[in-house]
Amino acid sequence: MRGACACAVVCALVALCAGAGLDEATRAAAERQLLSLLGLPRRPARRLAPLPPVPRALRLLYADGNIPAAAANTARSYHHTPTDLDNRFPAEHRFRLYFNLSGVPVDEVARGAELTFQRAPGAIGDQRLLLYDIVRPGCRGKTEPILRLLDSVLLTPDKGIVKTDALSAARRWLLEPKDNHGLLVRVIDENERKMDAKVPHVRVRRRASEDEEEWNTVQPLLLLYTEDARAREARENGETRLTRKKRAARRGHRSHHHRKEAREICQRRPLYVDFAEVGWSDWIVAPHGYDAYYCQGDCPFPLADHLNGTNHAIVQTLVNSVNPAAVPKACCVPTQLSPISMLYMDELNNVVLKNYQDMMVVGCGCR
Ligand SMILES: *[C@@H]1O[C@H](CO)[C@@H](O)[C@H](O)[C@H]1NC(C)=O
Ligand SMILES: *[C@@H]1O[C@H](CO)[C@@H](O)[C@H](O)[C@H]1NC(C)=O
């Protein structure tokens with residue numbers, strides 16, 4: 001973390017935290033580097049309004065620390081964008097939903113897309129929800145729309161929410177945003193096939209009496225699960241460097257502790273990164289900060305087992321003890337890191353949940 005003993009994310013965070021002592025150019029460079037590590041082209045525009053509420057489903061995923069689609073490390077949430085077209089769908093049983101995915105970075109690949117509906121009060125069941133991708137919209141009086149059925153779900157009386165799968169549509173929109181004509185939601189009576197449902201089923205339209213806040217908690221929500229380029233690379237490399245190191249570290253863990261030296265030698269030290277101090281509290285929803293830790297200390301000869309040294313570090317330390325001018329001592333660096341989850345607002349005010357690798361130091365060692 002100092003001098004040649006470098007690190008990535010934690011270093012940039014430390015530089016920003018210590019921001020008071022930095023000139024503006026250095027601070028901006030540190031912020032840029034950190035944002036790029038987080039996979040963001042720039043910091044989202046500074047906002048004065050308080051952060052909008054985080055959809056409950058996303059809060060649960062954050063608390064859970066797990067994204068329910070294989071390989072995904074990001075969850076993005078979307079609400080329907082109201083337009084004039086909505087007026088052409090005045091009924092409750094036939095509605096068009098439009099989700100603007102234009103803010104998804106090009107390196108992200110869709111791994112799952114779940115559209116959830118809330119049941120309406122008084123819903124009884126015996127109905128079926130049909131979800132279609134509008135491949136080509138119709139032209140009134142001339143052509144019929146081209147629809148592709150995405151999902152068909154039986155609405156039972158007990159269900160509080162209804163989940164549907166919109167992955168193939170989301171994939172199509174990410175490839176060709178201009179071909180995104182929205183989704184068509186239809187609800188039919190199960191028994192009288194094809195008859196559109198007359199009784200309450202799921203919430204698709206805002207009621208005149210409903211305020212924004214109330215509507216936000218019940219309106220349809222699209223959760224898009226993606227895998228970004230970093231996560232893909234890490235996964236494709238299979239066993240990463242760090243997991244190998246972890247194993248080496250575990251092997252070398254029988255520690256002989258020299259109490260006297262314990263203060264100065266290489267070890268993990270506390271470092272709390274406060275996002276408010278970094279100036280990011282206006283777009284990071286949660287956490288407010290986290291324990292990043294850092295590694296610092298001496299790597300003395302002979303290198304003790306618990307210092308997690310590699311054979312190379314042992315040799316380097318040995319050479320240094322004989323001839324300090326020839327090579328420096330080994331460096332005290334993170335040998336095991338762990339991920340954290342962050343909830344933030346993107347440029348278009350959609351809430352995003354992302355798991356970031358290698359954000360927190362678990363173990364240090366001499367390398
Ligand atoms: C989607 O969002 C982008 C970025 O804000 C905007 O330029 C575009 O017009 C939106 N598309 C629609 C159809 O609303
Ligand atoms: C060595 O690594 C292990 C496991 O990663 C860790 O628990 C231990 O604290 C590390 N040693 C030091 C000096 O940090």
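Counting convention: from 1, in listed order, for ligands and their atoms alike.
- Short contacts between ligand 2 and Asn308, defined as distances under 4.0 Å to a heavy atom of the residue, involve ligand atoms 1 (C), 2 (O), 3 (C), 8 (C), 10 (C), 11 (N), 12 (C).
- Checked against a 6.0 Å centroid threshold, the rings of Tyr98 and His181 do not count as neighbours.
- Taking 4.0 Å as the cut-off between side-chain N and carboxylate O, Arg203 and Glu210 count as a salt-bridged pair.
- Less than 4.0 angstrom separates some heavy atom of Cys266 from each of these atoms of ligand 2: 13 (C).
- Geometrically, ligand 2 and Gln267 share no nitrogen or oxygen pair separated by less than 3.5 Å.
- A distance limit of 4.0 angstrom between heavy atoms and ligand 1 selects the residues Tyr98, Asn100, Ser102, Leu348.
- Remark: the Asn100 side chain and the Thr81 side chain contain no N/O donor-acceptor pair separated by less than 3.5 Å.
- Remark: SG of Cys332 is found under 2.5 Å from SG of Cys266.
- Cation-pi geometry between Arg268 and Tyr293 is met: under 6.0 angstrom from the ring centre, within 45 degrees of the axis.
- The pair Glu214-Arg207 does not meet the salt-bridge criterion, since no charged nitrogen lies less than 4.0 angstrom from a carboxylate oxygen.
- Of the residues listed (Val352, Leu343, Leu353), the one engaging Val285 in a side-chain contact (heavy atoms from CB on, under 4.5 Å) is Leu343, and it is the only one.
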Handout entry: Residues Cys331, Cys366; criterion disulfide bond (SG atoms under 2.5 Å apart); working and verdict
Key = CA-CA 5 Å; Cys331 275; Cys366 294; over 6 Å; no
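- Contact atoms of ligand 2 toward Cys364: 1 (C), 10 (C), 11 (N), 12 (C), 13 (C), 14 (O) (distance under 4.0 Å to a heavy atom of the residue).
- Assignment of Gly365 to the shell around ligand 2 is not supported, since no heavy atom sits closer than 4.0 Å.
- For Cys295, no heavy-atom contact with ligand 2 is shorter than 4.0 Å.
- Shown here are the side-chain hydrogen bond (donor to acceptor under 3.5 Å, both in side chains) partners of Thr74, two or more places apart in sequence or in another chain: Lys354.
- For ligand 2 and Gln336, the ligand atoms under 4.0 Å from any heavy atom of the residue are 4 (C), 5 (O).
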